[in-house]
Amino acid sequence: MSITATHADYDKHIHTWNKLDDVCDGQEAIKQKGKEYLKLPSLFASKNDPTGELRYAEYLHRAIFPGVASRTLASHIGLAFGKTPVFNRPDGIEYLERNADGAGRSIYQCSQRATRLINRNYRCGVYVDFPNVAPSKNQAEEKKKNAFPMIHIIAAKFILDWDYLIVGNQKKLNFVKIKELVREREDFKVNTFEQYRILRLEEGESKNLIYTIQVFKKNDKGELVEGEKYIPTDYHGHTWDYIPFSFCGAIDNSEEIGTAPLYELSMMELSYYASTADVEESAFIVGQPTLCFPSISEEQYRLMKESGVGVGSRSGIPTDAKMVQAEKNGLAYERMQDKWNQMKELGARLIEVGSANKTATQADNDNSVQHSVLSLVAANVSEAFTNALRWCAKFSMPAHDFPVNELSFTIAQDFNKPKYDPIRSRLIYEACIANELPMYVWYSYEQTGTFPEDKWDDIVKKIERRNDGGLDDEDESV
């Protein structure tokens with residue numbers, strides 16, 4: 001089997017992934033694909049344009065692709081990262097806050113990239129690698145190498161193949177094939193080459209499982225040649241018995257592939273795109289008044305054909321004429337508007353003046369449906385990145401088994417912003433005056449519309465401190 005062979009599930013979904021990428025990339029990407037997303041109507045062919053290409057070029061030019069999916073995706077990222085994710089880590093991997101993937105992206109930007117890819121394609125890969133260097137004897141020696149584990153976010157279309165094996169009652173990833181694009185510069189020219197990274201879990205001499213890496217590159221003849229296989233080790237020089245790679249998906253972090261969160265919206269936007277082309281074509285052809293000659297002689301026709309026909313006070317027409325205007329047909333436009341409303345129902349977060357009012361209950365239900373998908377994505381990304389942090393620690397630190405409060409990455413999932421309620425504010429103020437709440441609770445609500453995240457025991461202690469003459473927002477450590 002060829003090194004470029006792909007998994008059956010990959011072949012099943014790659015076309016959809018590419019389509020969703022084009023939709024999220026916007027109008028330029030869609031129009032560059034031409035007839036793939038906007039078909040050539042068969043009636044466009046004519047005597048002067050046998051293939052219909054000339055008329056199709058105008059048809060394509062007038063079509064409008066509004067970019068609803070890309071705006072919705074940007075809205076999702078803004079909601080998920082409206083609060084800075086909580087990044088608990090030891091000092092040994094603090095560099096991840098500045099450069100987590102080797103390309104200058106922080107761990108926060110990497111997590112945004114993962115969230116974006118999952119919304120587009122349902123899943124991505126989270127992979128941690130380490131330079132092929134000898135194990136370190138101590139932390140000082142580790143720093144001299146200037147070698148750091150990096151977290152790479154792999155788009156679904158670059159994960160060509162994968163497989164699992166059963167060990168006891170556990171399912172373990174034992175094969176991953178990743179397609180990589182490598183850029184090489186020759187003076188003022190940049191060449192891009194494909195290479196394939198193979199991650200395997202192989203059986204060692206003592207029947208134990210060992211993680212190996214092998215890269216296939218093209219030689220001068222353009223042939224893919226396998227590179228040297230090497231065995232990564234952790235900080236202590238021990239081999240790995242699993243691959244530091246994880247799928248991260250919209251439903252769970254398994255290898256199974258489902259429907260991307262933005263799929264339905266993207267398909268509706270493509271349909272809307274085709275409708276705009278038809279509406280604009282119709283408006284262009286019959287939207288302008290047309291000069292009509294109900295009765296004209298052959299001599300008058302010949303005269304007008306030679307000298308042309310003018311409309312207005314400076315030139316006359318040697319016959320009776322009238323202006324004909326096609327009657328308005330709103331069916332195509334109404335259908336286009338129906339699709340626009342359907343896109344909004346599918347999650348497009350667009351501000352539209354004069355939109356139908358909803359009850360508070362309806363609005364809350366809509367938000368919960370919209371955010372439930374995003375909440376699950378945020379939870380899955382948080383889990384995958386927390387695992388990646390443990391792999392980074394295992395590569396570069398003497399210990400990696402840290403508790404959650406010392407090593408974790410968590411994206412906030414409370415996307416519904418609370419609304420300020422003056423009645424609630426008055427009730428809180430009265431409770432503070434009655435010494436049932438610390439006064440800073442009311443102040444916090446007035447400033448942010450939210451309550452402080454204090455436990456009830458802490459609230460009680462602060463009330464007691466105020467009764468003793470202290471400040472109710474004073475830190476106990478002071």
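Only this structure's heavy atoms are used, side chains among them; waters, hydrogens and symmetry mates stay out. Heads up: numbering here begins at 1 and tracks the sequence.
Note: Phe245 and Tyr127 have tilted aromatic rings, judged against thresholds of 30 and 60 degrees for the angle between ring planes.
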- For ring pair (Phe, Tyr, Trp, His ring centres under 6.0 Å), just list the numbers for Phe247 and Trp162, CA-CA rounded to whole Å, side-chain angles, deciding distance to a tenth of an Å, and then say yes or no. CA-CA 10 Å; Phe247 288 108; Trp162 58 93; 5.7 Å; yes
- Task: Take Lys157 and Asp21, measure what salt bridge (Lys or Arg N to Asp or Glu O under 4.0 Å) needs, and give me the verdict at the end.
- Result: CA-CA 10 Å; Lys157 63 183 178 182; Asp21 285 341; 3.7 Å; yes
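Scanning all heavy atoms of the two residues, the minimum distance from Ile463 to Glu436 falls at CD1-O, 3.3 Å. The minimum heavy-atom distance linking Cys24 with Leu73 is given by the pair SG-CD2, 4.2 Å. Contact between Trp391 and Ser246 at its shortest, heavy atoms only, is CH2-CB, 3.8 Å. When all heavy atoms of Ile118 and Pro261 are compared, the pair lying nearest together is O-CD, 3.4 Å. Contact between Ala63 and Leu38 at its shortest, heavy atoms only, is CB-CD2, 4.0 Å.
Screening Lys179, Lys218, Glu180 for a side-chain hydrogen bond (donor to acceptor under 3.5 Å, both in side chains) with Gln195, the sole residue that qualifies is Glu180.
For Lys462 and Asp457, the salt-bridge test fails: no basic side-chain N is under 4.0 Å from an acidic carboxylate O. Between Glu194 and Lys217, none of the side-chain N atoms (NZ, or NE/NH1/NH2) sits under 4.0 Å from a carboxylate O, so this pair counts as no salt bridge.
Partners of Tyr273 by ring pair (Phe, Tyr, Trp, His ring centres under 6.0 Å), not counting sequence neighbours, listed by chain and number: Phe65.
A donor-acceptor contact closer than 3.5 angstrom links the side chains of Asp22 and Tyr37. In this model, a donor atom of one side chain and an acceptor atom of the other lie less than 3.5 Å apart for Trp442 and Ser425.
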With a cut-off of 3.5 Å and sequence neighbours excluded, list every side-chain donor-acceptor pair involving residues 89-96.
from, atom 1, to, atom 2, distance (Å)
Arg89, NE, Glu97, OE2, 3.4
Arg89, NH1, Asp91, OD1, 3.4
Arg89, NH2, Glu97, OE2, 3.4
Glu94, OE1, Arg98, NH1, 2.6
Tyr95, OH, Pro149, O, 2.5

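Distance check, rounded to the nearest 0.5 Å: CG of Asn121 to CH2 of Trp17 gives 7.0 Å.
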